[in-house]
There are 2 protein chains.
Amino acid sequence: MTGKKNGALKPMESLSLTDRVETILRQYFTENKFKPGDAIPNELDMAKKLNVSRNVVREALSRLRMLGMIEARPRKGMVMTQPDLFTGMEKVLNPFILGRDSLNEIFELRLIMEMGIAEFLFARKTDKDLAELEAIINRQASPLVASKEEEVAFHGKLYHMTGNETFKRFQTLLMPIFDHVFKEYSNPEIFTETINPVTHYDLFLLLKNGTPDEFRKGMHSHLAVYFPVTETS
Amino acid sequence: MTGKKNGALKPMESLSLTDRVETILRQYFTENKFKPGDAIPNELDMAKKLNVSRNVVREALSRLRMLGMIEARPRKGMVMTQPDLFTGMEKVLNPFILGRDSLNEIFELRLIMEMGIAEFLFARKTDKDLAELEAIINRQASPLVASKEEEVAFHGKLYHMTGNETFKRFQTLLMPIFDHVFKEYSNPEIFTETINPVTHYDLFLLLKNGTPDEFRKGMHSHLAVYFPVTETS
DNA sequence: TAATTTTATTTGTAGGACAAATATATAAAT
DNA sequence: ATTTATATATTTGTCCTACAAATAAAATTA
């Protein structure tokens, strides 16, 4: 450690007081098992207890407010609230800042999830759902090729049918990035001219009358052009 | 709209200046296609342009700082940085505040993901990966039943083998919640006494010698007890 | 030209003041 | 006694001022 033989020394990470207070607060909430509705100490109390200015406390709390973890009222003070899991993610889903690798990986994430939902679709599909899905397909301009909006409508309905709102919201957030990656980094002309071997209607029939495995095979064919090439397939 | 016939009227949403500035800044960055490394106007300029106090600007910037979107240096000012997709999510992954429905849905999300990765595993597996996976299994105390740590090691290696860091990080973040839901809301005694029909070693063999479909069937059997009951399976 | 020192700049933190929006307490009406 | 209306107190939200801290850039020296 006496010379530069082992490369540049890494600078010590110096956290601002705001960073520290944020962490302390989150730990405090977890350790004391705060639940939605529970009252939180007020800003002045916190500033005193933590020996920092009220500004620092407010900057830290502003972060938690953005995440939906807390809610503030005049005179009553602050309470714990149930956060939305994806608020933070939604705010950084900007293709100009995410980096190429991340964008590609988000693209794949959508594929992973499309391939993973069959069991839940079959467990929770209803006649009403199926009828609505069929109606969506019937509204397509062409039965063989779907526009972007039609893709969103069809797949969005599938996500809804899983009965898992968290999944639906996650996948819905990923769609614009999927589109962006597709548009920016692949050759769109090939795909728009190619008829999809498995149509939305085919998938509908598999969902209505088939098994999860059959549906999954169909979905894989529907999305085949997006998957990495494998040696065994 | 003159009476109460249509239920309670919703209060107008009143956003704080901090909320507004945060939104304005994120829009500004997107519209002007800011990339990592690009310089951002300084705090005083922003406060002047937006006609708010520097405190408000700082509270908004503090949020973006937490998300990893910006980085600040004395004298040089602030630059755009590549954010981590899941920083915000990581900070709210606290089972006491998330709500029962969300916890259950996160539990399912992990299952969806496990069922969806076969294609990527097969496309990207290497002999080295397979050897390391086998070594992990050989280190298990029992070949038939795995401890929590052993589950984490095995499945963590699978995630790594997909070659998708975003997926790996997401799934790794979900594991503690999966455990929590499993512990709090199911009957653990049944599962700990039950031998898993498909062991880690079985999955390893399927990954080494089989097809994505075969692997997926095996994974489904491995995780079968966690899935909702379906009428067609 | 390279190394060192000084200066200027921007962020980070502190403290004080007051407005705004209630939640709570009190008073008045039924 | 209960309900409605009014006043008050409390806490957050915003603004302002000041100065410390940590550089990045400029100036000086070798």
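The model shown is predicted, which means the values in this text are computed figures rather than measured ones. The basis for the numbers below is simple: all heavy atoms, side chains too, and nothing from hydrogens, waters or symmetry mates. Below, read A as the first sequence line, B as the second, and so on, with proteins coming before strands; counting in each chain starts at 1.
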Least distance between heavy atoms, A:Ser62 atom then B:Thr18 atom: OG-CG2, 3.5 Å

Distance-only donor-acceptor test (3.5 Å): side chain A:Arg54, base D:dG13: yes

Presence of salt bridge, A:Arg124 and A:Asp129, under 4.0 angstrom: no

Carboxylate-amine/guanidinium proximity below 4.0 Å for B:Glu59 and B:Arg63: no

Working for side-chain hydrogen bond (donor to acceptor under 3.5 Å, both in side chains), residues B:Glu184 and B:His180: CA-CA 6 Å; B:Glu184 293 294 322; B:His180 173 88; 4.5 Å; no

Calculate the interatomic distance between [X] atom [atom1] and [N] atom [atom2]; express it in whole Å.
X	N	atom1	atom2	result
B:Arg65	C:dT13	CZ	P	9 Å
A:Leu61	D:dG13	CG	C1'	12 Å
B:Met46	C:dG12	CE	P	12 Å
B:Leu17	C:dA21	CG	C1'	14 Å
B:Leu44	D:dC15	CG	P	14 Å
A:Asn51	C:dT13	CG	P	13 Å
A:Asp45	D:dT10	CG	P	13 Å
A:Arg58	D:dC15	CZ	P	11 Å

Salt bridge (Lys or Arg N to Asp or Glu O under 4.0 Å) evaluation trace for A:Arg65 with A:Glu71: CA-CA 6 Å; A:Arg65 201 171 279 124; A:Glu71 199 169 276; over 6 Å; no

Plane angle bin for B:Phe34 and B:Tyr28 - parallel if under 30°, tilted between 30 and 60°, otherwise perpendicular: tilted

Distance test, side-chain N/O of A:Thr18 to OP1/OP2 of C:dT13, below 4.0 Å: yes

Main-chain N/O of A:Phe29 paired with A:Asn32 side-chain donor or acceptor, under 3.5 Å: no

Residue closer to the 5' end of DNA chain C, B:Asn42 versus A:Asn55 (nearest nucleotide): B:Asn42

Strand contacts (DNA chain D) in residues 33-40 of chain A, 4.0 angstrom heavy-atom criterion: none

Neighbours of DNA chain D within residues 70-81 of chain A, by heavy-atom distance under 4.0 Å: A:Ala72, A:Arg73, A:Pro74, A:Arg75, A:Gly77, A:Met78

NZ or CZ of A:Arg110 within 45° of A:Phe178 ring axis and under 6.0 Å: yes

Given C:dA14, D:dC16, D:dG13, the nucleotide with the shortest approach to the side chain of B:Ser53: D:dC16

Identified side-chain hydrogen bond (donor to acceptor under 3.5 Å, both in side chains) partner of A:Tyr159 from the options A:Glu165, A:Lys168, A:Arg169, A:Glu114: A:Glu114

